[in-house]
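Data block below; observations after.
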Number of protein chains: 4
Amino acid sequence: MTSKKKEKYDLILEAALKVFAEHGFHRSQVSKIAKAAGVADGTIYLYFKRKEDILISLFREKLGELVGKFHMHIEQTTGVKEALRKVCEIHYTELENNVDLAFVTQIELRQSSLELRKEIGKAVKPYIELIEKLLVQGVEENLFRADLDVKLTRLLLFGAMDEVVTSWLISGRKYSLSAQVDGTVQFFLQGIQA
Amino acid sequence: MTSKKKEKYDLILEAALKVFAEHGFHRSQVSKIAKAAGVADGTIYLYFKRKEDILISLFREKLGELVGKFHMHIEQTTGVKEALRKVCEIHYTELENNVDLAFVTQIELRQSSLELRKEIGKAVKPYIELIEKLLVQGVEENLFRADLDVKLTRLLLFGAMDEVVTSWLISGRKYSLSAQVDGTVQFFLQGIQA
Amino acid sequence: MTSKKKEKYDLILEAALKVFAEHGFHRSQVSKIAKAAGVADGTIYLYFKRKEDILISLFREKLGELVGKFHMHIEQTTGVKEALRKVCEIHYTELENNVDLAFVTQIELRQSSLELRKEIGKAVKPYIELIEKLLVQGVEENLFRADLDVKLTRLLLFGAMDEVVTSWLISGRKYSLSAQVDGTVQFFLQGIQA
Amino acid sequence: MTSKKKEKYDLILEAALKVFAEHGFHRSQVSKIAKAAGVADGTIYLYFKRKEDILISLFREKLGELVGKFHMHIEQTTGVKEALRKVCEIHYTELENNVDLAFVTQIELRQSSLELRKEIGKAVKPYIELIEKLLVQGVEENLFRADLDVKLTRLLLFGAMDEVVTSWLISGRKYSLSAQVDGTVQFFLQGIQA
DNA sequence: TATGAATGAGAGTTCATTCAT
DNA sequence: CATGAATGAACTCTCATTCAT
């Protein structure tokens, strides 16, 4: 029963991901999601309290998976710099290979109330903290500047990558996103100075 | 008459800024904006084709003003690095001193369709290009790396600053935004490397 | 403008009376009322806050008219007993001649929440108080028993008439309601007579 | 098995009485009743065809019990007048001592369609006929007026008592209901007395 | 230009009822 | 007999936009 319930829960989530990516959150009627999932409208409400809950749950699940991948790959790396490159690489390639998810995270999820954005902020936090952890480690190993403001820098790194992804999406994905990893990581490590 | 028209146009825009900042785009009814501007609902439609147009126009006007300020201040600077610091300084202080505008640009404006976001992209372009121009100049003056990918880097810089502002807003503005200028610029110039 | 507004207000109220009488409150969709009134659905909400407000307003207006008629006719009577007969006569004939109103007051209005019934109770109060006033006057004139519990008796009179009307309606109006005036009044007077 | 069936039937009815009394008919979801009865939603439909059937059955059962009590007590009385007082006494005390039932009969049961009200009318009939029987007997014994319209009077008596109960409920039960018996009966007897 | 009353399409959500297990 | 997950019809209310004045 639990597995069956879980199945339908995931079924709806998968359907929602597709519908949100194609039509955007506000233009995605619950009935459209239900139809895509092959269930009745009312069934949605057996698994989610409100329409917004689908969005939040979707984000939590998918971001959870992503953070899992980050941790998994980073464990296999040997140095902090290498790990940081891995983070950027996963960030770019995962979203490049999963355009639906990219649209939802970069475009649709932002189309929400301040209240919801705080909720999303909580879900993003583990990722931001992962970056911070690497920064702290780098400072301890004397690889990064001793006076580095890690709280500020984690935002700068995340924001920089985030903007690259969004810009790539809005441009219509006319170039390779993963090809930007080198330039991005070099910028992170060296800055722009000659 | 044209000046009078301009006056009412601005009147509506100012009212919209306040209303959007307080209630968010989707919760800001046209009638609420009209009331705040002291005009009739229908009058709005003499100056703006659709509700979304108010948002776009607001952004264009305000961003235009901002870009103007950037140009004005940069002309008074002597070097590229100094100019880049000035850009960051203006970016942070202007939004810190104009919280309404900050809310609209960082939160509400993102709550829009892909179509609208493209429109916004066009309005942001002059700013992004201003950054790019400084980067190109820096490379030419051998201040920045010769192999710098300026198209990518302009996004990284903008994205990094953008995230810092958004994060500051969502956190509830518990710390000084302008105090982040030093750390941000240092990161831009030096990167994180020791 | 005010008269025009008043006109549409009444238009909706008249339409609602017909629709409520025919289909009952819960089966009367707002769209049905709007159609009957020849206005758009949304227009209803320019004059009434919620669907329930239509019912309450309808009751207030109609009961207000009725109480007005009571007062008007009673002023023309000479004695208390005659006045009491007039009350019963108006009660029965008005509802007999306005079956739609009768249905709404006797059947549909009762189909409401305890909260709403209290609201209705307030609207009925002037009528109950009118009856009480007559009873007090009768006691003072030694026409009615000196030990008469006027608070209780006003309920007994109102309830008795109310039940006669409801029963007449539910029976399918197979007999004359106004023909019950004599029997009712005789019962009342003998009951309260000194 | 039949007794077991009867048990569950009563179980649901008792649960429904409580739920209806607390939340009202329209706000009492079938699932809420099922939960209160400790059965599954679907089980309700093994005993009742529709939600309304629960209400009707509830009324029939409870009113049947009441009418039984009336008959039982009246048999023990010696005169018609005494019997009539007993009727009023039972009417008031039974509902005063069973507030849940009072709420359902006076408030919730009225919240139903004309169709249902006819159904309820049938259930009330034995009680009304009981009153009529007493009236006829009284007339035969020359205790009551010879020209008494018993069909009308039975309604007047029932309606008067009904209104007293409803008014007592809506007022928030701030006074004793059974204390109204004397005043009520005195009014009745004087009204119909020979 | 300006008004603001009127429009009416649109969608989230509830819940009585069913039926496969 | 019993279950409870699934169904899907039903309906109120909002609000961007229009247009007669």
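Residue numbers start from 1 in every chain, and the chains themselves are labelled A, B, ... in the order their sequence lines are given, proteins ahead of strands. Here the structure is a predicted model, which means the values were calculated and not measured. Just so you know, these numbers use all the heavy atoms, side chains as well, and skip hydrogens, waters and symmetry mates.
For D:Thr43, the listed nucleotide lying nearest its side chain is F:dA2; candidates were F:dA2, F:dA6, F:dA16. For D:Leu46, counting side-chain heavy atoms from C-beta on, the closest listed nucleotide (E:dA2, F:dT12, F:dT3) is F:dT3. Among the nucleotides F:dC11, E:dG8, E:dT13, the one closest to any side-chain atom of C:Asp41 is E:dG8. Among the nucleotides E:dA16, E:dG12, E:dT7, the one closest to any side-chain atom of D:Gln29 is E:dA16. Closest to the D:Val39 side chain, of the nucleotides F:dT3, F:dT12, F:dT17, is F:dT3. Side-chain atoms of D:Tyr47 lie closest to F:dA2 of the nucleotides F:dT17, E:dT17, F:dA2. Closest approach to the A:Tyr45 side chain among E:dT13, F:dA2, F:dT17 is made by E:dT13 (side chain taken as heavy atoms from C-beta onward). When distances run from any side-chain atom of B:Val30 to the nucleotides F:dT17, F:dA2, E:dG12, the shortest one goes to F:dT17. Listed nucleotides E:dT13, E:dT17, E:dA6 differ in distance to D:Lys51; the shortest reach to its side chain belongs to E:dT17.
Relative orientation of the B:Tyr9 and B:Phe48 rings is parallel, given thresholds of 30° and 60° on the angle between their planes.
Heavy-atom nearest nucleotides on DNA chain F were determined for A:Gly42 and for D:Gly42, and the one closer to the 5' end corresponds to D:Gly42.
With a 6.0 Å radius and a threshold of 12 heavy atoms from other residues, nucleotides or ligands, B:Lys18 has its NZ atom at or below the threshold.
A distance of 12.0 Å separates CD1 of A:Ile12 from CG of A:Leu58, quoted to the nearest 0.5 Å. Considering CG of C:Leu95 and CG of C:Leu66, their distance stands at 6.5 Å, rounded to 0.5 Å.
Between B:Lys35 atom NZ and E:dT3 atom P there is a gap of 15 Å when expressed in whole angstrom units. As rounded to whole Å, 13 Å separates atom P of F:dA5 from atom CD1 of A:Ile12. Atom-to-atom, CD1 of C:Ile44 to P of F:dC15 comes out at 18 Å; the value is rounded to the nearest Å. Atom CD1 of A:Ile33 is separated from atom P of F:dG8 by 17 Å (rounded to the nearest Å). Per the geometry, NZ belonging to B:Lys49 stands 8 Å off P belonging to F:dT18, to the nearest Å. In this structure, D:Ile54 atom CD1 and E:dC15 atom C1' are separated by 13 Å, rounded to whole Å. When rounded to the nearest whole Å, the span between OH of D:Tyr9 and P of F:dA2 equals 15 Å. What separates CZ of B:Arg27 from C1' of F:dA16 is a distance of 17 Å, to the nearest Å.
The side chain of C:Lys32 places no N or O atom within less than 4.0 Å of a non-bridging phosphate oxygen (OP1 or OP2) of F:dC11. OP1 or OP2 of E:dA6 sits under 4.0 Å from a side-chain N or O of C:Lys8.
Partners of B:Lys49 according to the salt bridge (Lys or Arg N to Asp or Glu O under 4.0 Å) rule, which considers only residues two or more places apart in sequence or in another chain, do not exist here.
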Practice task
Check the pair D:Ile33, D:Phe20 against side-chain contact (heavy atoms from CB on, under 4.5 Å), reporting the backbone distance first and the verdict last.
Solution key: CA-CA 9 Å; D:Ile33 298 168; D:Phe20 285 162; 3.7 Å; yes
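In this structure, D:Lys122 fails the cation-pi test against D:Phe59, since its NZ or CZ atom is not both closer than 6.0 Å to the six-membered ring centre and inside 45 degrees of the ring normal.
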Practice task
Map every base of DNA chain E to its dot-bracket character, where paired means a Watson-Crick or G-U wobble contact with both distances under 3.5 Å and | marks a partner outside the strand.
Solution key: .||||||||||||||||||||
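Here salt bridge (charged side-chain N to carboxylate O under 4.0 Å, His left out) pairs that include residues 32-43 of chain D, with residues two or more places apart or in two chains, number zero.
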